[in-house]
Amino acid sequence: MKRHVELKNHQREIYYFRFRLMLSLSLVLVMLLILLARFIYLQVIKHDYFQTLAESNRIAVVPVVPNRGLILDRNGIVLARNYSGYTLEIASRKVVDLEATINELSTLVDIQPKDRKRFKKLLAESRNFDTLPIRNRLSDEEVARFAAQRYRFPGVEIKARLFREYPYGQGTSHLIGYIGRINEKDVDQLEQEDIASNYLGSDYIGKTGLEQSYEKELHGTTGFDQVEVDAGGRAVRALSRIAPKSGNTLMLTLDAKLQEVAEQAFGNYRGALVAIDPTNGDILAFVSKPGYDPNLFIDGIDTENWEALNNSPDVPLNNRALRGQYPPGSTIKPFMALAGLNYNERTPSYTISDPGYYTLPGNRHQYRDWKQGGHGRVDMFKSIVISCDTYYYGLATELGIDRIHEYLTGFGFGKKTGVDMEGEVSGLIPSQQWKMRRYKQPWYAGDTVSVGIGQGYNLVTPLQLATATATLANDGIAFKPHFVKQIQRSNVNAPDVAPQSVFDLHIKPENIDLVKRAMEAVTKPGGTAAGASAGALYRMAGKTGTAQVVGMKQGEKYDASKISEYNRDHAWFIAFAPADKPRIALAVLAENGGHGGSTAAPIARKVLDYYLLGIIPKPLESGLDKEGVEND
Amino acid sequence: MLTKRELQRRFMAHLDPILLLSISLLMLLSLVLIYSASDGNWVRVLGQFVNILVAFAAMWIVANMPLHYLMRSAVPIYILGMVLLVCVALFGDISHGARRWLNIGIATIQPSELMKIAVPLMMAWYFEKHEATLTLKNYFVAALLLLLPVALIARQPDLGTSVLIGASGFYVLFLAGLSWRIMLGMAVIAAASAPFLWSMLHDYQRHRILMLLDPSQDALGKGYHTIQGMIAVGSGGLLGKGYLNGTQTHLDFLPERTTDFIFAVWSEEFGFLGNLILLGLYIFVIGRGFVITANASTYFTRLMAGSITLTFFTYAFVNMGMVSGILPVVGVPLPLVSYGGTSMLTLLLGFGMLMSVHSHKQLVKT
């Protein structure tokens, strides 16, 4: 019985299924008829109409690239500009034999092997339908020669366009960065942000530095020409135009002359310098040495230059000021002193007796002071002036790593400053948690000792240290460091970008006063930076630092002459001036420069002399205009 | 030792000659068209040839697979697809403003493509399992199996793919005998919730739908594709402008010439006559699909084959409709013709299943 019912259901099911299948089939046929009707409508009935559209209506929409915004320093000196010139470009997909065409072209215009190499590189990286430059900056004569022979070269054309140029070259390379040709990755990024249509005609985009970070301001809005094209696709008549809107001009907080003084003050040292106005966070100078010539990158750098830059042991492409992470060395001591006062672990008058080393209770390991035999009796003031290590070994141990972490993080160490440039790194202030996460090891008491003198696990960037110094100089009220003073839209004077106060540490006046007085004494006879500061006509405050690159064994002595150059200590100096009413705060790092007092402090001195007094250092030649400078 | 003849016979044993012939012609046409659409770029043509070879191999393997293999693979494939979709939603790569790709180290994959096969397969499997005792609850569960992946894909956002997968799943429900009353009810609900769905769409999706209503509104922007496609089709006329002579194609007016808008290239260069030939080839494929479906021996194979056939038609219809301006531009390739390895693979896997359904039916007990 049951079997019978099932069988019947089964047959009925197949019947239903086929019924529905037939229904779908008829629906399919109906849809096909709709398509057919549409084809008849478009291709038969309206054929003439569309034929006319296709033939006469060869309207092409040609994007008009906006002029890129300029970049100026705070006084209007141009740091990035555009100039017009001619380029010879090849539409590679329209050319059958590229090699032969280029050989032919080289009889008319000068094409060097490096131009060919660069062209090949561009070809490999380019988007499918680009036309690519084989030569830039053609002379008028070359333009004329090619124009006369143009008919021989289908797919090759001369284009007039604006070139980007960085007049200060190396000196502002890490600050301004550079633009370069748009590659696949950039296209993806633009599409993600849904602004690809604004780059339809653009070949260039900011790649690093402020050119990258302020790309949106600098690029401008692309316009469109509607043009009629002939059967060969050449424009014959312009129909209408939506004008492009030029990019905005950036006026920086930077002082270009100060930048040049600072850059040259480094001499042959590698390193970084960041100078900040502590009252508002304006970045006045931003140097990373060595730099590179950003102009090389604009049209794709050639292989030799690229390899030279990329393989140099001096890593010129590394933005040390923004991305270099170094142990702060003794420059951390003023901040440690404030921490000690803040947590009541030290009073100003508390005195230690320094035998020249420190030992942890129950341990025989000696943490040595830089001065053999020690400094004798040392209070907080003296500990900063003579940079006593033993004092801070003890202070760090008594504070404990977690309170150090808390206080220094509050000062802005170990996290990004939020500066308006992409690529900043955060440095590192260790904590128990961090060590557990990173090394799966508990924190040892010995780890804390060296943190007290800025060695061990902690790392800072020159930008961070300069920002923290500015905050200290400004009595604990921090401003976010920033490069841009004004964004000038369509050449009208724009209001200044408002300085952003980010936090106030509420440091007790007597505490900050003590530390600042001690830092001023650093620059006086008896202090570690006395030599570099001698004869300064303003009140200068600072702190030297020396950061170890390679560790030393117990009982071993540091001897610079026996260590290869790249393993010598880094020299630090932080400073602000005038000490009573600071207008500038800075951090200087001279890589492998040895002692902070002897190499980093003199660099800072030249920068302060110029900024506060207008004194131009002797060996500085070049484009500084000497008339505008008043000399006290 | 096998003779050459015997080898040939074994190779062809499970390949359906009628399907094989019609899809081969379509793929040949694809190579010819891609040559024109890419302005004679042999690299592109060769790329498509490799796509075809790979997909063809996959089709052969599936066609030679007994049906119970297919059935057994339904659940694992579906689960794998769902897991990958969730992964995409959580940590997929963003490209072109949508999160569709998953980077698995050696390559990036687009799990929504897998779901084009996995969803109908899973639903057909589910209905087969509950064939004897189908109740409303089963339809509800099947609908859920469909809606989960569709919702995930729509969120990526990938409207085109989610609509197509939704359609393929709906075909299974329809062929499985979903009652008319429920379908009517769903239609009413859909109409009522349209305003809400509208508010859920992304701006660019809304834009595309609006442009369909009046493409001239934004002739330079989003309406551009539609207008240029229509001009290409219309100016092709009865006989077309001739191979490699399409002005719309070769003067860069057509967007996405080798992929989504390849039909415009065909229409422009071969005209109405060409369109008739193309439609004829598609009708052949679809007709054969219907015959295979009608003669399929089990519930599972009927549903599977019916869904594959109807989905294939939907692809073709949506693409031609979009290029000729009666449907919004949703980014659906012209099946078997547009350049692209993934869609070729998915389609031929489907045809492999159809062939397997047909050639293995004698071996299955009813």
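Here the structure is a predicted model, which is why all the values come from computation and not from measurement.
Within the 4.5 Å cutoff, the side chain of Ile326(B) has heavy atoms near those of the Leu35(A) side chain. Contact check for Phe17(A) versus Leu303(B): side-chain heavy atoms found under the 4.5 Å cut-off.
The local environment of CZ in Phe174(B) is crowded, with over 12 non-hydrogen atoms from other residues, nucleotides or ligands closer than 6.0 Å. Counting heavy-atom neighbours within 6.0 Å of Lys159(A) NZ, excluding the residue itself, gives a total above 12. Annotation: Met22(A), atom CE; neighbour count of heavy atoms from other residues, nucleotides and ligands within 6.0 Å does not exceed 12. Heavy-atom contacts from other residues, nucleotides or ligands closer than 6.0 Å to CZ of Phe153(A) number more than 12.
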Take Arg302(B) and Ile14(A) through the side-chain contact (heavy atoms from CB on, under 4.5 Å) test and state the conclusion after the steps. CA-CA 10 Å; Arg302(B) 277 198 295 276; Ile14(A) 287 196; 3.9 Å; yes

Let's go through Leu175(B) and Ser24(A) carefully: what are the C-alpha distance in whole Å and the side-chain angles of both, what is the deciding distance for side-chain contact (heavy atoms from CB on, under 4.5 Å) to 0.1 Å, and is it a yes or a no? CA-CA 9 Å; Leu175(B) 293 174; Ser24(A) 329; 4.1 Å; yes

Report the C-alpha separation of Met31(A) and Phe313(B) in whole Å, then their side-chain angles, then the decisive distance to 0.1 Å, and conclude whether the side-chain contact (heavy atoms from CB on, under 4.5 Å) test is met. CA-CA 10 Å; Met31(A) 309 262 259; Phe313(B) 169 73; 3.5 Å; yes

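Interface check for chain A: of the options Gly240(B), Ala316(B), Ser267(B), Gly177(B), the most heavy-atom pairs under 4.5 Å are formed by Gly177(B). Comparing Val28(A), Leu23(A), Val44(A) by heavy-atom pairs within less than 4.5 Å of chain B, the highest count is held by Val28(A). Chain A forms more heavy-atom pairs under 4.5 Å with one residue of Gly236(B), Ser324(B), Ala232(B) than with any other, namely Ser324(B). Note on Leu178(B), Asn41(B), Leu238(B), Leu310(B): by heavy-atom pairs under 4.5 Å with chain A, the leading option is Leu178(B).
Contact annotation for Phe317(B): both backbone and side-chain heavy atoms come within less than 4.5 Å of a heavy atom of chain A. Ile34(A) touches chain B through its side chain: at least one heavy atom from C-beta onward sits under 4.5 Å away, while N, CA, C and O do not. When heavy atoms are compared at a cutoff of 4.5 Å, Tyr299(B) approaches chain A solely by way of its side chain, counted from C-beta outward. Looking at Leu36(A), both its backbone and its side chain come within 4.5 Å of chain B, counting heavy atoms on both sides.
Of the options His47(A), Gln43(A), Lys46(A), Arg38(A), a side chain to side chain contact (heavy atoms under 4.5 Å, CB included) to Val233(B) is made by Gln43(A) and by none of the others.
In this structure, Phe263(B) has its ring center under 6.0 Å from that of Phe39(A).
Between atom CZ of residue Phe50(A) and atom CD of residue Glu268(B) there is a gap of 12.5 Å, rounded to the nearest 0.5 Å.
In this structure, Arg18(A) and Ala294(B) approach most closely via the heavy-atom pair NH2-O, 2.7 Å.
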